[in-house]
Trainee: 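A single structure is presented below for examination.
Not measured: the values here are computed from a predicted model.
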Amino acid sequence: MAKTTPNHTQAVSGWAALDSSGKITPYIFNRRENGVNDVTIKILYCGICHTDLHYAKNDWGITMYPVVPGHEITGIVVEVGSNVSSFKTGDKVGVGCMSASCLQCESCKNSEENYCDKVQFTYNGVFWDGSITYGGYSKMLVADYRFVVAVPDNLPMDRAAPLLCAGVTVFSPMKDNNLIGSQRQNIGVIGLGGLGHLAIKFAKAFGHHVTVISTSLSKEKEAKTKLGADDFIVSSNAQQMKSRHRTLDFILDTVSANHSLGPYLELLKIKGTFVIVGAPEKPMDLPSFPLIFGKRTVKGSMIGSIKETQEMIDICGKYNIMCDIEIVTPDKINEAYERIEKNDIKYRFVIDIAGQSSKF
């Protein structure tokens, strides 16, 4: 499998993990020339997703080293291919988790290409030409225009970057479960991190009552006063959990730590829906009785389609929804990784790829 092709002639500065130590170091590699369906993007910012750490350290056993992480990318278009009419030079754009799909299967034709069997990711994937994809920890990206979205002018590019993964990950199940433009419902959000804090913002923008469910009482003030949550449950408090029995219409589980779903399912009303977007390493404990006696539904959701991603970021522009971030420079990526592993971030690190002078 070729890492590049003869068409990969553009030398690019980036940052990569070279082995399973996961240490990120400067790395020079080649990207392809801008094709007829491509846009070339000067990268301004790239969010750090926890997935980046897993790939850097080969936690899932599928990393192809060297790996250049990053799938929460914002930047400026500097070149467009001859077949591209939806973007022009100077446009503010974003690239999320996907770089390619087959474009022909049922999922692709239904604008659900994120579920295509042949979907390829922005990094550690294999592009149509057989080259390995490299992500947003780099100065420049060449992307197929069909996997690029426009960023609204009113959104700052640094705070918009994590929306390309974290944002659409929580938006998609809300749309899928008819929570946009619906009557006010009682929404539960498990976990208050990068995903959870955005879930609160979306749910409140859509007019719903939001209950945050967390293991940490210390997060209650933040959830209510800063993010606007209406209620807060400490999941280890049996009395609090019992008092909210059958009160929620919908629960979004954003937690990646191992946990049983049983106690949380009891919070749902009859016919309530529980959606999993966190990815614990071990199989989840899913008792049958809360499902059977409550006619409840449990399902999963993965990022979103390009169509959904564009809709999501347009809604963010409309409601002024942005990620709460901390900016780091490329030389501080390893320190950011260490802090992420300690949950020492509110709520997302974003790498300033181009330098503060980017003024976007």
Trainee: In Å, rounded to the nearest 0.5 Å, how long is the span from OG1 of Thr9 to CZ of Arg32?
Mentor: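 Interatomic distance, Thr9 OG1 to Arg32 CZ, rounded to 0.5 Å: 11.5 Å.
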Trainee: Consider side chain to side chain contact (heavy atoms under 4.5 Å, CB included). Of Cys46, Cys49, Cys323, which one does Pro162 pass it with?
Mentor: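 The single option meeting the side chain to side chain contact (heavy atoms under 4.5 Å, CB included) with Pro162 is Cys323.
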Trainee: Roughly how far, to the nearest 0.5 Å, is CD1 of Ile43 from CD1 of Ile76?
Mentor: 12.0 Å
Trainee: Between the side chains of Ser260 and Asp285, does any donor sit under 3.5 Å from an acceptor?
Mentor: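 Short answer, yes.
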Trainee: How about Asn83: does its CG atom have over 12 heavy atoms from other parts shown lying under 6.0 Å from it?
Mentor: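 Buried by this count: over 12 neighbours within 6.0 Å.
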Trainee: Would you call the rings of His259 and Tyr264 parallel, tilted or perpendicular, where under 30° means parallel and over 60° means perpendicular?
Mentor: perpendicular
Trainee: So, do Glu341 and Leu53 sit near enough that their side-chain heavy atoms are less than 4.5 Å apart?
Mentor: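 Yes - at least one pair of side-chain heavy atoms lies under 4.5 Å apart.
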Trainee: Please answer: with hydrophobic residues joined when any side-chain heavy atoms are less than 4.5 Å apart, are Ile180 and Leu252 in the same cluster?
Mentor: yes
Trainee: Should Lys175 and Glu311 count as an ion pair when the cut-off is N to O under 4.0 Å?
Mentor: yes
Trainee: Look up atom CZ in Phe274 and atom CZ in Arg296, then write down how far apart they are to the nearest 0.5 Å.
Mentor: 11.0 Å
Trainee: With rounding to the nearest 0.5 Å, note down the distance linking CD1 in Ile132 to CD in Gln120.
Mentor: 10.5 Å
Trainee: Please lay out, stage by stage, how Arg31 and Leu141 fare under the test side-chain contact (heavy atoms from CB on, under 4.5 Å).
Mentor: CA-CA 7 Å; Arg31 291 204 188 275; Leu141 175 71; 3.6 Å; yes
Trainee: With side-chain contact (heavy atoms from CB on, under 4.5 Å) as the criterion, how do Lys92 and Asp153 come out once you've worked through the C-alpha distance, each side chain's angles and the decisive distance to 0.1 Å?
Mentor: CA-CA 7 Å; Lys92 295 170 59 176; Asp153 286 338; 3.9 Å; yes
Trainee: Side-chain donor-acceptor pairs under 3.5 Å in residues 188-202, sequence neighbours left out?
Mentor:
{"residue": "His197", "atom": "ND1", "partner": "Gly193", "partner atom": "O", "Å": "3.1"}
{"residue": "His197", "atom": "ND1", "partner": "Gly194", "partner atom": "O", "Å": "3.0"}
{"residue": "His197", "atom": "NE2", "partner": "Asp324", "partner atom": "N", "Å": "3.1"}
{"residue": "Lys201", "atom": "NZ", "partner": "Met322", "partner atom": "O", "Å": "2.6"}
{"residue": "Lys201", "atom": "NZ", "partner": "Asp324", "partner atom": "OD1", "Å": "2.7"}

Trainee: Which heavy atom in Leu227 sits nearest to a heavy atom in Lys204, and how many Å separate them?
Mentor: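 Smallest heavy-atom distance, with atoms named: O-CG, 4.4 Å.
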Trainee: Is Tyr115 linked to Met98 within one hydrophobic cluster, defined over Ile, Leu, Val, Met, Phe, Trp and Tyr using a side-chain heavy-atom separation of less than 4.5 Å?
Mentor: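 Yes, because Tyr115 and Met98 connect within a single hydrophobic cluster, where side-chain heavy atoms sit under 4.5 Å apart.
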Trainee: Salt bridge or not for Asp59 and Lys57, using N-O below 4.0 Å?
Mentor: no
Trainee: Using the ring of each side chain (for Trp, its six-membered ring), is His208 parallel, tilted or perpendicular to Phe206, with breaks at 30° and 60°?
Mentor: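 Ring orientation, 0 to 90° scale: perpendicular.
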Trainee: What is the distance from atom OG1 of Thr63 to atom OH of Tyr123, rounded to the nearest 0.5 Å?
Mentor: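 Those atoms lie 8.5 Å apart.
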Trainee: Might you confirm whether atom NZ of Lys299 has over 12 heavy atoms from other residues, nucleotides or ligands at distances under 6.0 Å?
Mentor: yes
Trainee: Please find the pair of heavy atoms, one from Leu217 and one from Phe232, that lie closest to each other, and give the distance.
Mentor: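 Shortest heavy-atom contact: CA-CE2, 4.2 Å.
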Trainee: Atom NZ of residue position Lys42 - does it have more than 12 heavy atoms of other residues, nucleotides or ligands inside 6.0 Å?
Mentor: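 Check fails, neighbour count at 12 or below.
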Trainee: I want to know whether Tyr145 and Phe87 have ring centres closer than 6.0 Å.
Mentor: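 Ring-ring flag for Tyr145/Phe87: false, centres at least 6.0 Å apart.
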Trainee: Can you check side chain to side chain donor-acceptor pair (under 3.5 Å) on Thr5 and Asn7, steps first, answer last?
Mentor: CA-CA 5 Å; Thr5 74; Asn7 190 41; 5.1 Å; no
Trainee: Nearest 0.5 Å please: distance from the CD1 atom of Ile73 over to the OH atom of Tyr45.
Mentor: 15.0 Å
Trainee: Among His209, Gln240, Lys224, Arg244, find the residue that satisfies the side chain to side chain donor-acceptor pair (under 3.5 Å) test when tested with Asp231.
Mentor: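 Exactly one pass, corresponding to Arg244.
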Trainee: Is any NZ, NE, NH1 or NH2 atom of the basic residue among Glu222 and Lys219 found under 4.0 Å from an Asp or Glu carboxylate oxygen of the other?
Mentor: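 No salt bridge links Glu222 with Lys219.
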Trainee: Donor-acceptor pair, distance only, cut-off 3.5 Å: does the side chain of Thr122 make one with the backbone of Cys97?
Mentor: yes
Trainee: Answer yes if Ile306 and Val170 sit in the same cluster of Ile, Leu, Val, Met, Phe, Trp and Tyr residues linked by side chain heavy atoms under 4.5 Å apart, and no otherwise.
Mentor: yes
Trainee: Output, in order, the C-alpha distance, side-chain angles, deciding distance and verdict of side-chain contact (heavy atoms from CB on, under 4.5 Å) for Ser13 and Ile28.
Mentor: CA-CA 5 Å; Ser13 297; Ile28 305 295; 3.4 Å; yes
